[in-house]
Structures are given as structure tokens and as C-alpha cells.
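Here's the structure, in C-alpha cells; my notes come after.
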Amino acid sequence: MILDKTTDTSGLTQVAGLSDELQPVFDKAAEKYASCDIELYFVFRCLPDEYGRKSSARYVKAEKVIYFDMTVSEDRYKTWSKSKQRHALSHAFYTLLSEKIRKYKIDHLEMNTFITDMGVWLQEIGWLQTEEEAELDDMQEKYE
């Protein structure tokens, strides 16, 4: 398994930098699920609401790639702290991944185990916090 990503953001938010935090998670998944001949490719888009773009996923069989195209609201994110952006982005990412990947049959992949592993690894990097944890980080961020 290969996991990779790119971003499409204006620079008004922290989305591009926050998505870089996923590298250790991608590395662990690639190592544990090396027998899966598939690539999971994520596009993190932070766009104005007026674009009307929605998140989606599609499988390109010839390339053996599932493209996850995740769109979040630039209008909202640009008003939020980095902690709040991380909280929202991490939950949007995990929801998109866990909902969309179930639609595909991937050889050598036990879906529930993979989704659970991803959740654990995301928590290890500070993603998937509760709202309360994110608020505490936000308060700490303000005083640094």
C-alpha cells in the first residue's frame, strides 16, 4: 500500500501544513499493509464555499489508485485557530476515509482493522481530539 497526498489551498489557512502531519501515519500504514497492491491518494482542498465543491472518492482500476478528494471551507477555516483547524480537518479526513474506502474491495485488506489502525495512528499524532482537547490546545496556543 502506498499513501500520498497533495493540497489545493490559498495559503489563508493551515490546511497544507496540517496535512503534512500525516506522514508518520502514512508510513505506518504502508509498512503494515505492504501486501495491499493499492495506492490511496488524498487531495486536501480548502476552497471558498462559493465554489460548491464537495468531497468525493473514486477508484481508477488501471492505476490501482483510490483518489480521495476532500474539500473543506476556506470561509470557515480562515477564521479558526490552528488547533481548531486541526480538529475539524482530522475528523473530516477520518470520516471521508472510513466511509468511502468501505465501497471498495481491496485484496489483503481487512477493512475494519485498517480503519481502526488509522484512527489509533491519527490519535498518536494529535489528530481526532475531542472538542474539549482542541479547545485546551487552542488556549495553550494563545499563550505561547
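Since the model is a prediction, treat every value here as computed from it, not as a measurement.
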Gap between atom [atom2] of [Y] and atom [atom1] of [X] - 0.5 Å precision:
X	Y	atom1	atom2	value
Asn112	Arg102	CG	CZ	5.0 Å
Arg45	Thr6	CZ	OG1	8.5 Å
Ile101	Ile106	CD1	CD1	4.0 Å
Met70	Ser19	CE	OG	8.5 Å
Asp107	Cys36	CG	SG	8.0 Å
Leu12	Ser10	CG	OG	3.5 Å

Check: [Y] main-chain N/O paired with [X] side-chain donor or acceptor under 3.5 Å:
X	Y	answer
His87	Leu128	no
Tyr77	Leu89	yes
Gln14	Lys82	no
Glu133	Thr130	yes

Does [X] belong to the same Ile/Leu/Val/Met/Phe/Trp/Tyr cluster as [Y], with side-chain heavy atoms less than 4.5 Å apart forming each link?
X	Y	answer
Ile66	Ile2	no
Leu136	Ile125	no
Leu47	Leu18	no
Tyr51	Phe44	no

Is any side-chain heavy atom of [Y] closer than 4.5 Å to one of [X]?
X	Y	value
Tyr33	Leu40	no
Asp138	Trp80	no
Val72	Val15	yes
Lys54	Thr71	no
Lys5	Phe26	yes
Asp4	Phe42	no
Tyr104	Leu109	no

Original post:
Hey, is Glu124 close enough to Lys28 for a salt bridge, meaning N to O under 4.0 Å?
Top reply: yes

Original post:
Is the closest basic N to carboxylate O distance between Arg86 and Glu21 below 4.0 Å?
Top reply: yes

Least distance between heavy atoms, [X] atom then [Y] atom:
X	Y	answer
Ala134	Ser83	O-CB, 3.7 Å
Ile115	Tyr94	O-OH, 2.9 Å
Met118	Ala29	SD-CB, 4.1 Å
Ala30	Leu3	N-CD1, 3.9 Å

**OP:** Determine, stepwise, if the pair Thr13 / Glu74 fulfils side chain to side chain donor-acceptor pair (under 3.5 Å).
**Re:** CA-CA 7 Å; Thr13 67; Glu74 180 184 80; over 6 Å; no

Subject >> Apart from Val43 itself, residues in the same hydrophobic cluster as defined by side-chain heavy atoms under 4.5 Å >> reply: Tyr41, Val60, Val65, Tyr67

**OP:** Evaluate the ring planes of Trp127 and Phe93, with Trp represented by its six-membered ring, and classify them as parallel (under 30°), tilted (30 to 60°) or perpendicular (over 60°).
**Re:** perpendicular

Original post:
With respect to Asp69, which candidate in Lys100, Arg58, Arg53 satisfies the side chain to side chain donor-acceptor pair (under 3.5 Å) definition?
Top reply: Arg53

Subject >> By ring-ring contact (aromatic ring centres under 6.0 Å, His included) - contacts of Trp121 (at least two apart) >> reply: none

